[in-house]
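To start, the structure itself, in structure tokens.
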Amino acid sequence: MQEISFPLSGPFIALCDLLKVTGVAGSGGAGKQMVADGLVRVDGAPESRKTCKIRAGQVVTVDGVRIKVTAG
């Protein structure tokens, strides 16, 4: 599984935006579709909210990629 570390510059980032800026999704719309299709997990649990607030310390997994969000 590929691992990406993402340093967060603010208090949170929307899930679909995180997928876009890390390159997992080609666009915000593609990220929203991944969430809608049930492909995304946050801290091991399925996540269906496209704009879920992701904070430092959380781990997002999708399509063979693990994104660890760290404090920037």
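Counting from 1, the numbers follow the sequence of the chain as shown. Values in this document were obtained by computation on a predicted structure and should not be read as measured data.
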Review point. Which heavy-atom pair separates Ile54 from Leu18 by the least distance, and what is that distance?
Key: CG2-CD2, 4.1 Å
Study note, to complete from the structure: Heavy-atom nearest pair, Gly31 first then Cys16, reads C-CB, 4.3 Å
Exercise for review: Report whether Val69 and Phe12 are members of the same hydrophobic cluster (ILVMFWY, side-chain heavy atoms less than 4.5 Å apart, transitive linking).
Suggested key: no
Review point. Considering all heavy atoms of both residues, which atom of Pro11 and which atom of Arg55 are nearest to each other, and what is their separation?
Key: O-CG, 3.5 Å
Review point. Can you list the steps and then say if Ile4 with Val24 is a side chain to side chain contact (heavy atoms under 4.5 Å, CB included)?
Key: CA-CA 10 Å; Ile4 298 172; Val24 174; 4.2 Å; yes
Study note, to complete from the structure: Between Ser5 and Pro7, the two heavy atoms sitting closest are O-CD, 3.7 Å
Point to revise | Reported CD-to-CD1 distance for the pair Gln58 and Ile13, which is rounded to 0.5 angstrom | key: 12.0 Å
**Study point:** Validation row: Ile67, Leu19 side chains within 4.5 angstrom (heavy atoms)
**Key:** yes
Study note, to complete from the structure: Output for pair (Thr61 OG1, Leu39 CG), nearest 0.5 Å, gives 10.5 Å
Practice item. For residues Ala56 and Ala71, report the shortest heavy-atom separation together with the two atoms involved. Key: CB-N, 3.6 Å
Revision key, fill the gap. When every non-hydrogen atom of Val59 is compared with those of Lys68, the smallest separation belongs to CG2-CG, 4.1 Å
Review point. What is the distance from atom SG of Cys52 to atom CG of Asp17, rounded to the nearest 0.5 Å?
Key: 12.0 Å
Review point. Nearest 0.5 Å, what's the CZ-CD distance between Arg49 and Glu47?
Key: 4.0 Å
**Study point:** Approximate separation, where rounding is to 0.5 Å, of Lys32 NZ and Lys20 NZ
**Key:** 9.0 Å
Exercise for review: Tell me, yes or no, whether the heavy-atom count around Asp63 atom CG, taken from other residues, nucleotides or ligands under 6.0 Å, exceeds 12.
Suggested key: no
